[in-house]
Colleague: 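Below is a structure I'd like to ask you about.
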Amino acid sequence: MTPQAEQQQLDAWVENTRAGITAGRFPARAFNDQAVYDLEQERLFSKAWCFLAHESEIPAPGDYVTRKIGNNNLIVARDEHGEIHASLNMCRHRGNVMCKSEMGNASHFRCSYHGWTYKNSGELIGVPYMKEGYEGQLKRKDWGLVGVRVDSYEGLVFGTLDPRAPTLDEYLGDFRFYLDLYLKHGFGGCEVHGPPDHWVADTDWKICAENFAGDGYHTPVAHQWGFNLGYFPSSGSTHSQGWAASVPGKGHGIGLGHSPNFPAFGGFPDELVEEMKQTLTPEQVEVFARTRTAVGTVFPNLSFLMQPFSLVPGEPGVRFVTMRLYHPAGPGRMEMYSWCLVPKDASEEYKTEAYRAYTLAFGQAGTFEQDDFENWTKVTQSAGSTMVKDLDFPYIMGMHSETDPEFAGPGHVVTPYVNDTNFRNLWTRWGDYLAGEV
């Protein structure tokens, strides 16, 4: 089969997949397939806004981290004037990797191959043997590091490879209302607590992004021990209560779990709650006060989870936030980044307790993390086998759900929290990108 015929066949598969999503079906093949992975690199990650870093990871001039968008290795750095830049981590002379550390501080980056040197903002300033070798023909201003368009929202730094992409605010849309539930914790906002956990897993990124777009269905099964031992402030019988909120046409979604008699803002210190009531809008306060668990995904691959966790079973517990990035590293394989976010102005005691709860639950060796990855890797293995290439999964839960007219938040909001509505929205947007319509 010629490459053109293969592409036509793949495009036809994408169109069939999009029709299936509307009918409540999604193909298993999508979770572990080389052709699908390649198409995502070409049409999705080359155009979407993708998370790069939190501003608190690079607080001082010269601070940098290395991150990726798709198969592109990037340096995210704060220059000497405090401005944040993202640049392709590749020397313009012969393509060597400029920065080999995951994080650090540097005013300049010097290539270890031929010594070309760049400012942390990307400008080329040093070329060995400039006069002798180039005889005045090389113009340094033309050969800086390749820049990437960046923007931020409440400390979250995103980048896009598409110069024609809409603004970040347009891309996030109404989901900013829900992002604030994770980010506006007090007057000072949030910060990362320590560097991220970072590992590689034989798991497709989309499985994780879907799960964190509001999969409350798996919790009483995969994490049943959490109910039995008292780590959850809810029970299996009430866990389905709450709302599934999605932003049509954007792909973003969040599940908001609610428990009867759960105290408003439970798990946060009283003084922090008073600040949050001032930093959030009245509508956000109304939603947040009723929320026990908030688990959401910013399309395509950035997720958050906030919930109270009882270090002593049966007690109210401490509220923590984890932020997670699922970076595609091949068909059925990904790099996982996981951060703990804490309120910047909270006491050190609270930050320590929140980080401890995060580590026990969703750190690299966290109890809930192990439950999830055991399932996700097995799903990925199954999706790559020959017998399932033409099989679909059912996504019909909540097909006829009515929107909740009394809910204060924006978007398409339905009950109960256990629902496939967010996932159909996620895959619809994924299909838009793969069809080349974005």
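Model, not experiment: these values are computed from the prediction.
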Colleague: Below 4.5 Å, heavy atoms only, C-beta onward: do Val321 and Gln307 meet side chain to side chain?
Modeller: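 Sidechains of Gln307 and Val321: no contact.
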
Colleague: Any heavy-atom pair between the side chains of Pro260 and Gln241 that's under 4.5 Å?
Modeller: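 Side chain of Gln241 against side chain of Pro260, heavy atoms only: contact under 4.5 Å found.
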
Colleague: Output yes when a side-chain donor or acceptor of His193 lies under 3.5 Å from a complementary backbone atom of Tyr355, and no otherwise.
Modeller: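 It does not hold such a pair.
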
Colleague: Take atom CD of Gln9 as the centre, draw a 6.0 Å sphere, and report whether it contains more than 12 heavy atoms from other residues, nucleotides or ligands.
Modeller: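 For Gln9, atom CD is not crowded (no more than 12 foreign heavy atoms under 6.0 Å).
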
Colleague: Does a side-chain N-to-carboxylate-O contact under 4.0 Å join Asp63 and Arg78?
Modeller: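 Judged by the 4.0 Å cut-off on N to carboxylate O distance, Asp63 and Arg78 do not form a salt bridge.
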
Colleague: Is there a donor in the side chain of Asn375 and an acceptor in the side chain of His218, or the other way round, less than 3.5 Å apart?
Modeller: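 No, no side-chain donor-acceptor contact under 3.5 Å.
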
Colleague: Would you say that Trp205 contacts Pro300 through its side chain, given a criterion of any heavy-atom pair below 4.5 Å between the two side chains?
Modeller: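 The answer is yes, as the side chains (C-beta and beyond) meet within the 4.5 Å cut-off.
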
Colleague: Among all residues two or more places apart in sequence or in another chain, which pass the salt bridge (charged side-chain N to carboxylate O under 4.0 Å, His left out) test with Glu275?
Modeller: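 Scan of Glu275 (salt bridge (charged side-chain N to carboxylate O under 4.0 Å, His left out), adjacent residues dropped) gives none.
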
Colleague: Keeping Asn120 on the side-chain end and Ala106 on the backbone end, is there a donor-acceptor pair under 3.5 Å?
Modeller: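 Yes, because the side chain of Asn120 sits within donor-acceptor range (under 3.5 Å) of the backbone of Ala106.
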
Colleague: Please tell me whether Phe268 and Phe265 form a close aromatic pair, meaning their ring centres lie under 6.0 Å apart.
Modeller: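 No, the ring of Phe268 stays outside the 6.0 Å limit from the ring of Phe265, centre to centre.
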
Colleague: Looking only at atom types and distance, does a side-chain atom of Asn89 sit under 3.5 Å from a main-chain N or O of Met98, one as donor and one as acceptor?
Modeller: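 Present.
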
Colleague: Does Tyr64 have its ring centroid less than 6.0 Å away from the ring centroid of Phe109?
Modeller: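 Yes, the ring of Tyr64 comes within the 6.0 Å limit of the ring of Phe109, centre to centre.
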
Colleague: Do Glu191 and Lys351 pass the salt bridge (charged side-chain N to carboxylate O under 4.0 Å, His left out) test, and can you show the C-alpha distance, the side-chain angles, and the key distance before you say yes or no?
Modeller: CA-CA 10 Å; Glu191 64 182 4; Lys351 292 179 182 180; 2.9 Å; yes

Colleague: Measuring only between side-chain heavy atoms, which start at C-beta, is Leu256 closer than 4.5 Å to Thr293?
Modeller: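 Counting from C-beta outward, Leu256 and Thr293 never come under 4.5 Å.
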
Colleague: Do Tyr217 and Asp420 have side-chain heavy atoms sitting under 4.5 Å apart?
Modeller: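 Side chain of Tyr217 against side chain of Asp420, heavy atoms only: no contact under 4.5 Å found.
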
Colleague: Salt bridge or not between Glu40 and Lys206? Use side-chain N to carboxylate O under 4.0 Å.
Modeller: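 Salt bridge: yes.
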
Colleague: In Å and rounded to the nearest 0.5 Å, what is the CD1 to CD distance from Ile84 to Glu57?
Modeller: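 These two atoms lie 10.0 Å from each other.
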
Colleague: Salt-bridged, Asp390 to Arg29, with N to O below 4.0 Å?
Modeller: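 No salt bridge links Asp390 with Arg29.
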
Colleague: With a 4.0 Å cut-off on N to O distance, would you call Arg176 and Glu154 a salt bridge?
Modeller: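 Salt bridge flag = no for Glu154 with Arg176.
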
Colleague: Would you compute the distance between atom CG of Leu272 and atom CZ of Phe187 and round it to the nearest 0.5 angstrom?
Modeller: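 The distance works out to 9.5 Å.
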
Colleague: Say you draw a straight line from CG of Asp372 to CD1 of Ile207; how long is it, rounded to the nearest 0.5 Å?
Modeller: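 Here the rounded value is 11.5 Å.
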
Colleague: Nearest 0.5 Å please: distance from the CG atom of Leu341 over to the CE atom of Met323.
Modeller: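 The CE atom of Met323 is 4.5 Å from CG of Leu341, to the nearest 0.5 Å.
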
Colleague: Are Tyr153 and Trp49 an aromatic pair by the rule of ring centers under 6.0 Å?
Modeller: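 No.
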
Colleague: Search all heavy atoms of Thr66 against all heavy atoms of Tyr337 and return the closest pair with its distance.
Modeller: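 The answer is O-OH, 4.4 Å.
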
Colleague: Within a reach of under 6.0 Å around CZ of Arg333, are more than 12 heavy atoms found that belong to other residues, nucleotides or ligands?
Modeller: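 Check passes, neighbour count above 12.
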
Colleague: Per the side-chain hydrogen bond (donor to acceptor under 3.5 Å, both in side chains) rule, what does the pair list look like for residues 405-417, sequence neighbours excluded?
Modeller: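 Sorted result for residues 405-417: empty, none.
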
Colleague: Distance from Asn419 atom CG to Met399 atom CE, nearest 0.5 Å?
Modeller: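 Answer for the CG-CE pair, Asn419 versus Met399, is 11.0 Å.
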
Colleague: Closest heavy-atom contact between Ser246 and Pro248?
Modeller: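 Residues Ser246 and Pro248, closest heavy atoms: O-CD, 3.4 Å.
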
Colleague: Working to the nearest 0.5 Å, report the span between CG of Leu426 and CZ of Phe212.
Modeller: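 These two atoms lie 14.0 Å from each other.
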
Colleague: Pick from Tyr171, Trp430, Tyr433: which one makes a ring pair (Phe, Tyr, Trp, His ring centres under 6.0 Å) with Phe299?
Modeller: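 For Phe299, the ring pair (Phe, Tyr, Trp, His ring centres under 6.0 Å) test succeeds with only one of Tyr171, Trp430, Tyr433, which is Tyr433.
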
Colleague: Between the side chains of Ser87 and Tyr118, does any donor sit under 3.5 Å from an acceptor?
Modeller: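 There is no such pair (donor and acceptor under 3.5 Å, judged by atom type) between the side chains of Ser87 and Tyr118.
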
Colleague: Is it the case that over 12 heavy atoms from other parts of the model lie below 6.0 angstrom from the CG atom of Asp270?
Modeller: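 No, because the 6.0 Å sphere around CG of Asp270 holds 12 heavy atoms or fewer from other groups.
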
Colleague: Quick one, Lys250 with Asp174, criterion salt bridge (charged side-chain N to carboxylate O under 4.0 Å, His left out). Give me CA distance, side-chain angles, the key distance, then yes/no.
Modeller: CA-CA 9 Å; Lys250 301 291 187 182; Asp174 285 341; over 6 Å; no

Colleague: Looking only at side-chain N and O atoms, does Glu349 offer a donor or acceptor that is under 3.5 Å from a partner on Thr352?
Modeller: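 Per modelled atom types, Thr352 and Glu349 side chains form no pair under 3.5 Å.
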
Colleague: Salt-bridged, Glu335 to Lys68, with N to O below 4.0 Å?
Modeller: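 Lys68 and Glu335: salt-bridged.
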
Colleague: Does atom CZ (Phe407) have a neighbourhood of more than 12 heavy atoms from anything else shown, all under 6.0 Å?
Modeller: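 Enclosed.
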
Colleague: Is it true that the side chains of Ser152 and Glu55 contain a donor and an acceptor less than 3.5 Å apart?
Modeller: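 Yes, side-chain donor-acceptor contact under 3.5 Å.
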
Colleague: Hey, is CG on Leu391 packed in by over 12 heavy atoms from elsewhere, all under 6.0 Å?
Modeller: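 Yes.
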
Colleague: Only one of Arg43, Arg429, Arg18, Lys47 forms a salt bridge (Lys or Arg N to Asp or Glu O under 4.0 Å) with Glu437, so which one is it?
Modeller: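 Only match with Glu437 under salt bridge (Lys or Arg N to Asp or Glu O under 4.0 Å): Arg18.
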
Colleague: Less than 6.0 Å separating the ring centroids of Trp376 and Phe31?
Modeller: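 No, they do not, as the ring centres are separated by 6.0 Å or more.
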
Colleague: Restricting to salt bridge (charged side-chain N to carboxylate O under 4.0 Å, His left out), what partner residues turn up for Arg324, sequence neighbours left out?
Modeller: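 Glu369.
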
Colleague: Apply the side chain to side chain contact (heavy atoms under 4.5 Å, CB included) test between Leu305 and each candidate in Phe320, Tyr182, Phe368; give the one that qualifies.
Modeller: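 For Leu305, the side chain to side chain contact (heavy atoms under 4.5 Å, CB included) test succeeds with only one of Phe320, Tyr182, Phe368, which is Phe320.
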
